[in-house]
Every structure is written in C-alpha cells, then in structure tokens.
Amino acid sequence: MTVKTRFAPSPTGYLHIGGVRTALFSWLYARHHGGQFVLRIEDTDRERSTQAAVDAILEAMNWLGLEHDEGPYYQTARMDRYRELAAQLLEAGSAYHCYCSRDELEQMRAAQMARGENPRYDGRCRERQSPVPGVSPVLRFRTPQEGVTIVDDLVRGRVEFQNSELDDLIIMRSDGSPTFHFGVVVDDGDTGITHVIRGDDHLNNTPRQMHLIDALGFARPAYGHLPMILGPDGAKLSKRHGAVNVLEYRDAGYLPDAVLNYLARLGWSHGDQELFSREEMIRLFDIAAVNASASRFDTGKLNWINQQYLRSSNPEELAPGLVMQLERAGLDLRNGPPAVAVIEAYRERATTLHDIAGSAHYLYAEPVQVDISAINKHLTATVAGPLSLLVKRLAEVAAWTRADIHAAMTAVAAECGIGFGKLGQPVRVAVTGGTVSPPIDVTLELLGQKKTFDRLKQAIARLPS
RNA sequence: GCUCCCUUCGUCUAGCGGUUAGGACGCGGCCCUCUCAAGGCUGAAACACGAGUUCGAUUCUCGUAGGGAGCGCCA
C-alpha cells in the first residue's frame, strides 16, 4: 500500500506556525515512506475563506519547500460530490433530516449541561416520518449508539470511545453545503488518504468520522494526532506571543530549513541529535517517536538553530535573502560589498539575515547610530599618532586584502609601542561607529579602501586635542 | 459539567524495571581573543503527588492534583 497523507488548512487567515508543524509531520511521514502528500484547501466556510489566505498558504508552503504531489484540491469545487454521497446516505437510512431549530438545540444543550450530562443531540428527529412545513432541514448522520470505537493512534496508542457518548452529527447544512466532518471524510476517501496526521484537537472527532467512513464504504485511514504547540507561557500559541504567521519568520530573516528543523524537534527526537538536514529528517522521521505531550515554542532555541544553518549554508544560496533584507532596510547594494562577502564575514555572529543586514548598515551608508560612549572611550587624543600612521601605511599596501591590512596594522601597533587592541578598537569605532564588527582586517577589507580612508581621516580630524 | 488526552532540569528532549537520570537551548565560571561572536572546558538545574505490582520503580497499574482539547448548521 502506498502511503498518502494530506494537509488540509482552511483559508481563513495566514498559515499558523502550529499548522506548519502539522504539515511538516504529515509531509515527513509521506516522504519517509516514499508516499504521496496531498494539499487540500478546506474552504466550505465561504464567509471566512479568502483568496488572500489561499495565496498566503501556498506561498508559505512553497517557501518552506513542503511540496505536494497532488492538489491543491478545493472543497468548494466538489459540492456536487458531497450532495451525491449525502443523498446516498439518506437513501440507505444512514442519515436523516432534522428540523430542529437552533434555539431548540441550544435549549437542549443547556438543559443537559445543567443535569451534568455531556451535551449532545438527543436524536429527537431520528424517527420523524414527515417534514416540518416551511423548515429546510439539515442532514444528520445516524451514529451507532452502542458499543465502543477504538482509535489505534500512531502517536497516542489505543484510545477507546463509548459510542453512547457520541451523537448524530450534522453532515449537510440547511443550505445544502457540507459540514467539516463530512467534507473531510469524503475528500479523504475519494483521494485515498491512508494516514491522517493532524492536530490532537481532532482526536475527539475521530470516532464519529470513523463511523461516517464506514457508512460511506471507504477504507478507514490510520490516524496520528499531534500535540499542540503552546506559547512560552504554556497558553495556546497566539499573536500576543509574537509571530505566529510563518511568513513573518521569513521576513524576519529565518531560513526555511532552520524553521523546519526547529519545528521537527518540537515533539519529535532522534536520540541526542539536534540538527537534521531535510534528507536526514525524511530518513529518520518516525511517527512512533513523536511525543504525546504539548510543547512550548521557544524562540531562543529557534535562534540557535537558525544560526547553525546560517553558519553551515552555502553563502551563495543565502545571498538573495540578505539582498532582500538590505533593500528593505533602504540600503543601496551598489554602495558596498557583494552580499556574499557580507554573509561570510557576519554569519558566525548573527542569528538571522535580518541581523546581518542591520549590522552591515555601515558598509552601505554612513554610520547612523554612532555609539557616543564608544567614541569618547576609544577615540582619544592618544590615538591621533597611531591612526595617522595607519592611514599612511594603509595607503602603501600592495593589495586591499585582509592579510595586507592585518600586516600593516601589526606594524603600526609595534611601531607605536601599543598592543593590537589599542589600535584595532579605535579603528573599529572610527569606521563603523560602534564597538562590534568582524575582525578589523576583515571589516576594513569589506568597507573598501576609499571609505576606510575617508572615515579614518574624519575621525582623526574630530579627535580631542 | 461530561468525554478524551497530557505530566523528566526554566525550555526542547533521551530513558522503554536496576543509570553517578544523558544531551541540547538558555544561564554562571574559566580558557582563547583586536570587539562581538564562534570554539574548548566547566558549574547550577528535573523524574507533579499518593497508593499498588515487584527483590527493585522515572519506567507498569490505579487514584489525586495541575494543564489541554472536544462537546456549533466553525474548521
């Protein structure tokens, strides 16, 4: 049997980071087993579904590289099929029309809660013979009322549900559109989904969907219910915790593989290993090793992983992302070194591409945020001599390379009888406006000879006497 | 309220009856060092609680407590 999994978001907003984790595990499962991964857009809620949300989902999946083999399927394009199968269930007696009003249902639930019962539809229309004039009915599925339903969950193990706890769920609304449960089951059945990997908020829905599947004559898929991702405080992950839209992570300068790696390790592990390439993830992923408990989203760990990826990725591949960040910062690439050179110099000391762009600002424009206390501390009268000598020596270097620059600086420091640091740090402050940058020779090489001279001379001119 | 799920350092986790309870992020210290990083070494830090099963429970069972989800003509 070929494994076939799916990811089925509803386009009512951006793609949530928790949804991405669900998609990732589903995708990994399919890839690991050499199967197929299907994308389905659950847009039956026409009120809340938007094309913008569909686009955002597709864009996010594409950015992450979670490519699908089939789809995207749209539920709104399959209305005839739902109606066909609904009629079939009605015909077979597996479903029946229910004429209860919303008010009536609400009162019923309130009464049951008051009695300490699990609120559920009591089946009062089950045996109804005649329609209620003027009321367009919903279609309810006749759920078995006795026995137990067992979900052999790939993540949780065996979970038992008493059928008596289940009620007759609505499968077609009074306007003739299918409800979520019906759409899911029909689509999974029609597309031959073999493994349903989804959030554990659906665990309680599973037995009811299984009965529906049986009635429709589809084969039951295997289920794997993934635990939720919580915010750092243990509450449901939401906007108040920071970014929850994946594309915000792209914009913040995170790398797609790093995000995937982080998300994979949230709930899944393979011994002590922390870093997994895409291929390793696919090869090693095992849904049986997925934790059943919820985990908290930790930006600190994501940052660490992103830095690891920054350090080990090919600078050429990172360059477009940095260019985007630099442009967004309003910098003109023509005014400074190529992006690749900046990445090589900065990737060991940054967590995101956004950080690199921020740190490299001085390479493309005059330093804007000068550190006054650093200037007061390092650009003192005593450095006038060394800096002037350095300008002279740097003018004589054979080539503007870090090696020649380093040699010149070492010579000047020795000549002035000061340590390298006593020269390096003032130079750094003079050319970058701050105290932090890559090794000073690399910094000057990146900056270029002309800018270095301009800024050193300017600094010397402003030195206190 | 009812049903279902979950519970190892602050966080992510390893563990699958006998371990000095391991690793990672973060945090502290030391080393390296022109700054910041990176790197190396190192320190503090956990089995929610109570019964039971067993020669022996972090591990199995049952309770308790705490957390979560579901209970819609939302998905």
Side-chain angles (χ1 to χ4, degrees), chain A residues 8-12 42-45 47-49 98 100-102 105-106 109 112-121 136-140 151 153 155-156 159-162 165-167 169-175 177-181 183-184 199-207 225 227-228 230 232 234-236 262 265-275 289 291-305 307 311 346-351 359 374 378 406 409-410 413 419-429 432 434-441 443:
Chain A
S10 56
T12 53
E42 304 208 328
D43 54 354
T44 51
D45 183 353
E47 297 287 305
R48 300 195 298 150
S49 299
C98 169
C100 296
S101 70
R102 291 173 203 246
L105 295 173
E106 229 165 87
R109 279 190 284 265
Q112 287 164 332
M113 293 265 267
R115 272 180 271 134
E117 292 169 16
N118 192 355
R120 47 199 289 284
Y121 181 65
S136 40
V138 298
L139 193 65
R140 281 191 190 270
V151 180
D153 196 90
V155 174
R156 317 264 149 172
V159 184
E160 272 186 30
F161 294 88
Q162 295 295 324
E165 293 292 333
L166 276 22
D167 65 354
L169 77 183
I170 295 173
I171 57 177
M172 293 295 273
R173 301 186 184 104
S174 51
D175 68 358
S177 64
T179 60
F180 164 74
H181 293 291
V184 164
D200 69 2
D201 46 337
H202 292 300
L203 182 57
N204 284 296
N205 293 329
T206 304
H225 287 94
M228 299 195 65
L230 273 19
K236 191 173 173 177
Y262 173 69
R265 280 287 290 104
L266 219 48
W268 174 72
S269 61
H270 180 76
D272 285 340
Q273 190 170 346
E274 296 288 348
L275 268 14
N291 258 321
S293 54
S295 43
R296 303 182 188 207
F297 192 85
D298 179 10
T299 306
K301 183 85 175 256
L302 204 214
N303 285 343
W304 177 77
I305 289 182
Q307 186 191 39
R311 298 205 301 143
Y346 272 95
R347 60 182 183 165
E348 288 228 339
R349 63 205 85 231
T351 61
S359 301
H378 296 287
H406 193 87
M409 290 188 70
T410 306
F420 192 95
K422 291 289 179 196
L423 178 63
Q425 200 59 347
V427 171
R428 176 172 284 113
V429 173
T432 72
T435 57
V436 176
S437 85
I440 194 63
D441 47 358
T443 300

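These figures come from a predicted structure and were not determined experimentally. A note on names: the letters A, B, ... follow the listed sequences, proteins ahead of strands, and every chain is numbered from 1.
Using a 4.0 Å heavy-atom distance criterion, Gln307(A) is classed as a sugar-phosphate-only contact. No engagement by His225(A) is indicated, since no non-hydrogen atom pair under 4.0 Å with the nucleic acid exists. As judged by a 4.0 angstrom heavy-atom cut-off over every strand, Pro439(A) is placed among the base-contacting residues. Backbone-only contact: Thr44(A) has heavy atoms under 4.0 Å from sugar-phosphate atoms and none from a base. No engagement by Met172(A) is indicated, since no non-hydrogen atom pair under 4.0 Å with the nucleic acid exists. Note on Arg102(A): a base of the nucleic acid sits closer than 4.0 angstrom, heavy atoms only. Among the atoms of the strands shown, only primed sugar atoms or phosphate atoms (P, OP1, OP2) are found under 4.0 Å from some heavy atom of Val159(A). Pro438(A) comes within contact range of at least one nucleobase, with a heavy-atom separation under 4.0 Å. Residue-level contact check: Ser437(A) touches the bases, meaning some heavy atom is under 4.0 Å from a base atom. Ile305(A) comes within 4.0 angstrom of nothing in the nucleic acid, heavy atoms only. Within the nucleic acid shown, Asp167(A) has no heavy atom closer than 4.0 Å to any nucleic acid atom.
Across C34(B), C73(B), A24(B), the shortest atom-to-atom separation from the side chain of Gln425(A) is found for C34(B). Residue Lys236(A) has its side chain nearest to A69(B) when only A75(B), A69(B), U35(B) are considered. The side chain of Asn204(A) lies closest to A69(B) when the candidates are C73(B), A69(B), A38(B). Out of A75(B), A69(B), U3(B), the shortest distance to the side chain of Phe161(A) is found at U3(B).
Counting to the nearest Å, the P atom of C25(B) and the CH2 atom of Trp304(A) are 5 Å from each other. Rounded to a whole Å, the CG atom of Asn205(A) is 10 Å from the C1' atom of A75(B). Rounded to whole Å, atom P of A75(B) lies 14 Å from atom CG of Asp201(A). Between the NE2 atom of His202(A) and the P atom of C5(B) there is a distance of 18 Å, given to the nearest Å. Taking atom CG of Leu203(A) as the reference point, atom C1' of G70(B) lies 9 Å away to the nearest angstrom. As a whole-Å value, the separation of Met113(A) CE from U3(B) P is 13 Å. Protein atom CD of Gln273(A) is 16 Å distant from nucleotide atom C1' of G22(B), rounded to whole Å. When the C1' atom of G72(B) is taken as reference, atom CD of Glu106(A) falls 9 Å away, rounded to whole Å.
Base pairing analysis places A38(B) opposite nothing; no Watson-Crick or G-U wobble pair with both distances below 3.5 Å involves it. Within the shown strands, nothing qualifies as a pairing partner of U20(B) under the Watson-Crick or G-U definition with both distances less than 3.5 Å. Of the nucleotides present, C2(B) is the one that pairs with G70(B) by Watson-Crick or G-U wobble criteria, both distances under 3.5 Å. Nucleotide C32(B) has no partner under the Watson-Crick or G-U criteria, as no pair reaches both atom distances under 3.5 Å. The partner of A57(B) cannot be assigned: no Watson-Crick or G-U wobble pair with both contacts below 3.5 Å exists in any strand. Shown here, A48(B) forms a base pair with U64(B); the pair counts as Watson-Crick or G-U wobble because both key distances fall under 3.5 Å. When Watson-Crick and G-U wobble pairs are counted only if both distances are under 3.5 Å, G43(B) pairs with C27(B). Nucleotide A14(B) forms a pair with no other nucleotide shown, judged by Watson-Crick or G-U wobble geometry with both contacts under 3.5 Å.
If you check the side chains of Ser177(A) and Asp175(A), you find a donor sitting under 3.5 Å from an acceptor. A donor-acceptor pair shorter than 3.5 Å can be found between the side chains of Arg428(A) and Gln425(A).
For the pair Ser10(A) (side chain) and Thr12(A) (backbone), a donor-acceptor distance under 3.5 Å is absent. No donor-acceptor pair closer than 3.5 Å links the side chain of Arg311(A) to the backbone N or O of Glu348(A). A donor-acceptor distance shorter than 3.5 angstrom exists from the side chain of Thr179(A) to the backbone of Ile170(A), with no hydrogens or angles considered.
Side-chain nitrogen and oxygen atoms of Arg109(A) include at least one within less than 4.0 Å of the OP1 or OP2 phosphate oxygen of G72(B). Residue Arg311(A) places at least one side-chain N or O under 4.0 Å from the OP1 or OP2 atom of G39(B).
Look at the C1' atom in both G23(B) and U42(B): the space between them is 16 Å, to the nearest Å. Taking atom C1' on both A69(B) and C36(B), the two are 46 Å apart, rounded to the nearest angstrom. Spacing of C1' atoms, G15(B) relative to G28(B), comes out at 28 Å, to the nearest Å. Rounded to whole Å, the separation between the C1' atoms of C25(B) and A45(B) comes to 13 Å. One C1' atom belongs to C62(B), the other to U54(B), and the distance between them is 16 Å to the nearest Å. Atom name C1', nucleotides C16(B) and U58(B): the rounded distance is 11 Å, in whole Å. For the P atoms, the distance linking U11(B) with U64(B) amounts to 25 Å, nearest Å. To the nearest whole angstrom, the two P atoms, one in U59(B) and one in G18(B), are 11 Å apart.
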When you compare the protein's N or O atoms with those of nucleotides 11-15 of chain B, which come within less than 3.5 Å of each other, and at what distance?
from	atom 1	to	atom 2	distance (Å)
C12(B)	OP1	Arg296(A)	N	3.0
C12(B)	O2'	Arg265(A)	O	2.8
U13(B)	OP1	Gly267(A)	N	2.5
U13(B)	O3'	Ser269(A)	OG	3.1
A14(B)	OP1	Ser269(A)	OG	3.2

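For Asp298(A), there are no salt bridge (charged side-chain N to carboxylate O under 4.0 Å, His left out) partners two or more places apart in sequence or in a different chain.
Along RNA chain B, the nucleotide nearest Glu160(A) and the nucleotide nearest Pro178(A) are compared for position; the residue whose nucleotide lies closer to the 5' end is Glu160(A).
Phe420(A) is listed as a side-chain neighbour of Ile440(A), based on a closest heavy-atom distance under 4.5 Å. Between Arg156(A) and Asp200(A) the shortest side-chain heavy-atom distance falls below 4.5 Å. Between Asn118(A) and Glu165(A), the closest side-chain pair of non-hydrogen atoms falls below 4.5 Å.
Each of Thr351(A), Thr299(A), Leu275(A) was evaluated against Trp304(A); a single residue qualifies, Leu275(A), per the side-chain contact (heavy atoms from CB on, under 4.5 Å) test.
Judged by distance alone, with hydrogens and angles left aside, Arg156(A) brings no side-chain donor or acceptor close enough to the base of C5(B) to form a pair under 3.5 Å.
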Intermediate values then yes/no, side chain to side chain donor-acceptor pair (under 3.5 Å), Ser437(A) and Thr443(A): CA-CA 7 Å; Ser437(A) 85; Thr443(A) 300; 2.8 Å; yes
